[in-house]
Every structure is written in C-alpha cells, then in structure tokens.
Number of protein chains: 2
Amino acid sequence: MSNMASMKKSEILKIIGQNVKRIRLEKGLTQVDLVGKIESRIDTTNISRIEKGRTNATIHTLFRISQALDVPLSEICNVQENKS
Amino acid sequence: MSNMASMKKSEILKIIGQNVKRIRLEKGLTQVDLVGKIESRIDTTNISRIEKGRTNATIHTLFRISQALDVPLSEICNVQENKS
DNA sequence: TCTTGACTTGTCAAATATGGCAAGTATGAA
DNA sequence: TTCATACTTGCCATATTTGACAAGTCAAGA
C-alpha cells in the first residue's frame, strides 16, 4: 500500500526527521543533549533542520545522529509505511 | 562486537556502497540499468562514486536508489556488523 | 512581567554532493 | 588485435549541506 514510487523528496525528508525527533524524545534528550553526544561536531541548527525535514542530510550526518541516539542507522532510515 | 562508536566516515561510506553494489548485482543490474530505473536523473558517475565509498550521499539519493532496486531504504543503510 | 529553556529560522562562508562529460581501465569475445 | 560492455576517475559548474552565529518564537514558571 505504501506506493513508494511516488514519494516526493520533501515527504521522505519529513519522515526521516520525524524518526529522529521521535527517537530523541523517547530517549528523553533535548537537541542540545543530542549534539553533546555526537562525536564530531553537529550544530543544533542542523538537527532542527533535519527534524523539520528542511534539509536533505548526508548519510554520514544521519549515522552520527544514530550513534548518539544509540539506535541502528536503519531505524532512522525506516521510511516504509508497512512491509508486505 | 561492532564498536560503532569508532567507525570512521570512510568506513561507513564504504559499507553503504557495498550494500548498493551487492543488491544491484543480486538483481542482475548494471549501473546503466539502475539509473534507467531511477525517477529523477542520477548519473552513473555518482552511482560509481557511491558504490566505491567516495562520496557521502544524501539520504534522498540513497532513497531513489533503494526505490530503483526495489528494496527498503533501511536495507541500504544497514551498517551494523551484528546485533546483540 | 521577566526569565529561562527548547526550538526554529535567517544569513553567511566553506565544504562537498550532484549531474554532466571525457578519458582511462579491465574484461571478454570475435 | 579490435571491439564492445561495464565501470572508474578527473574535471567542471551548480546546488545544497553543514557549521556557526544571531535573532525570533513559544511555553512554563517565578
């Protein structure tokens, strides 16, 4: 049912961002907490833009976020509505 | 055992690239075949660079590739060695 | 009201991803 | 050897991410 083929760029960026925000909140972290746990520097500006779906983050940026959130990268990258 | 915390940028890019290449070959596709299946244009140059881990692709580019390969994005983003 | 914390958003500079083209490498077949 | 296919890599121009800072919004308290 997911009709992935027609998913627009803005849509998947929004889903990725929602994933990041949801996991961050589940861990009880603020954006400032999160960047504090990230190895090489990431700005809260960028976190905010990613969570809002305003930026098309690189995989390495998302990977660093996944490390700080202590979840697999694939969890952040879960954009599928449902699997058969 | 995965020691994700110390994974360097070049290492995760290499794994992402290996994932793309492996799945593409499993599907019996050439790079030219692959770009032919991608909605908005992607150059074989870029596919090659991603597969070789030479470029830090954006999530939207990897998403379009996952669509063309008919696999979930999370499969391309599977960089974990093994899960506990 | 004032303050604080959390987040968003604008702007800027620097780095780099992307698309495009051309040239090079490698393999296999004729 | 010659040719074709598949892929890699260098270069270029353009677009955009990223890091950084400043300013703004919003909600909860004191």
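Just the heavy atoms: all of them, side chains too, but no hydrogens, waters or symmetry mates, feed the values below.
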Could you go through nucleotides 28-30 of chain C and list every protein N or O atom that sits under 3.5 Å from one of its N or O atoms, giving the distance for each pair?
none

Check: How about A:Glu75 and A:Ile23: do any of their side-chain heavy atoms sit closer than 4.5 Å?
Finding: yes

Notebook entry, point to check: Does A:Ile50 reach the side chain of A:Ile65, with side-chain heavy atoms less than 4.5 Å apart?
Noted result: yes

Check: What string of B, S and - do you get for nucleotides 12-21 of chain D 5' to 3' if you count protein non-hydrogen atoms under 4.0 Å?
Finding: -----SBBBB

Checklist line | side chain to side chain donor-acceptor pair (under 3.5 Å) involving A:Asn46 - partner list, sequence neighbours excluded | finding: none

Item checked: A:Arg24: salt bridge (charged side-chain N to carboxylate O under 4.0 Å, His left out) partners, not counting sequence neighbours -> A:Glu51

Checklist line | Close side-chain approach of A:Thr55 and A:Leu13, heavy atoms under 4.5 Å | finding: no

Next item on the list: Could you list by number each residue of residues 16-30 of chain B showing a heavy-atom separation from DNA chain C of less than 4.0 Å, or answer none if no residue does?
Entry: none

Margin query: My understanding is that only residues two or more places apart in sequence, or in another chain, count here; which of them pass side chain to side chain donor-acceptor pair (under 3.5 Å) with B:Thr58?
Written below: A:Asn56, B:Thr61

Next item on the list: Using five base pairs at each end, measure the axis-to-axis angle across the helix from C:dT1-D:dA30 to C:dA30-D:dT1 and round it to 10 degrees.
Entry: 30°

Show each protein N/O and nucleotides 23-30 of chain D N/O combination with a separation under 3.5 Å, one pair to a line.
none

Margin query: I'd like to check A:Arg64 versus A:Ser40 (side-chain heavy atoms, cut-off strictly below 4.5 Å). Are they in contact?
Written below: yes

Notebook entry, point to check: What distance separates A:Ile15 CD1 from B:Ile59 CD1, expressed to the nearest 0.5 Å?
Noted result: 11.5 Å

Margin query: Would you say B:Gln31 places a side-chain N or O within less than 4.0 Å of OP1 or OP2 belonging to D:dT8?
Written below: yes

Checklist line | Side-chain heavy atoms of B:Val71 within contact of B:Lys27, under 4.5 Å | finding: yes

Item checked: With sequence neighbours excluded, residues passing side chain to side chain donor-acceptor pair (under 3.5 Å) with B:Asn19 -> B:Arg22

Next item on the list: Go through the structure and list residues passing side-chain contact (heavy atoms from CB on, under 4.5 Å) with B:Lys37, not counting sequence neighbours.
Entry: B:Leu29, B:Ala68

Check: Could you give the CD1-to-P distance, from B:Ile47 to C:dG19, as a whole number of Å?
Finding: 8 Å

Item checked: side-chain contact (heavy atoms from CB on, under 4.5 Å) partners of B:Ser10, counting only residues at least two apart -> B:Lys8

Item checked: Euclidean distance, A:Ile12 CD1 relative to A:Cys77 SG, rounded to 0.5 Å -> 8.5 Å

Notebook entry, point to check: Listed by chain and number, what are the side chain to side chain donor-acceptor pair (under 3.5 Å) partners of B:Asp43, not counting sequence neighbours?
Noted result: B:Thr45

Notebook entry, point to check: Does some side-chain heavy atom of B:Lys9 sit less than 4.5 Å from a side-chain heavy atom of A:Phe63?
Noted result: no

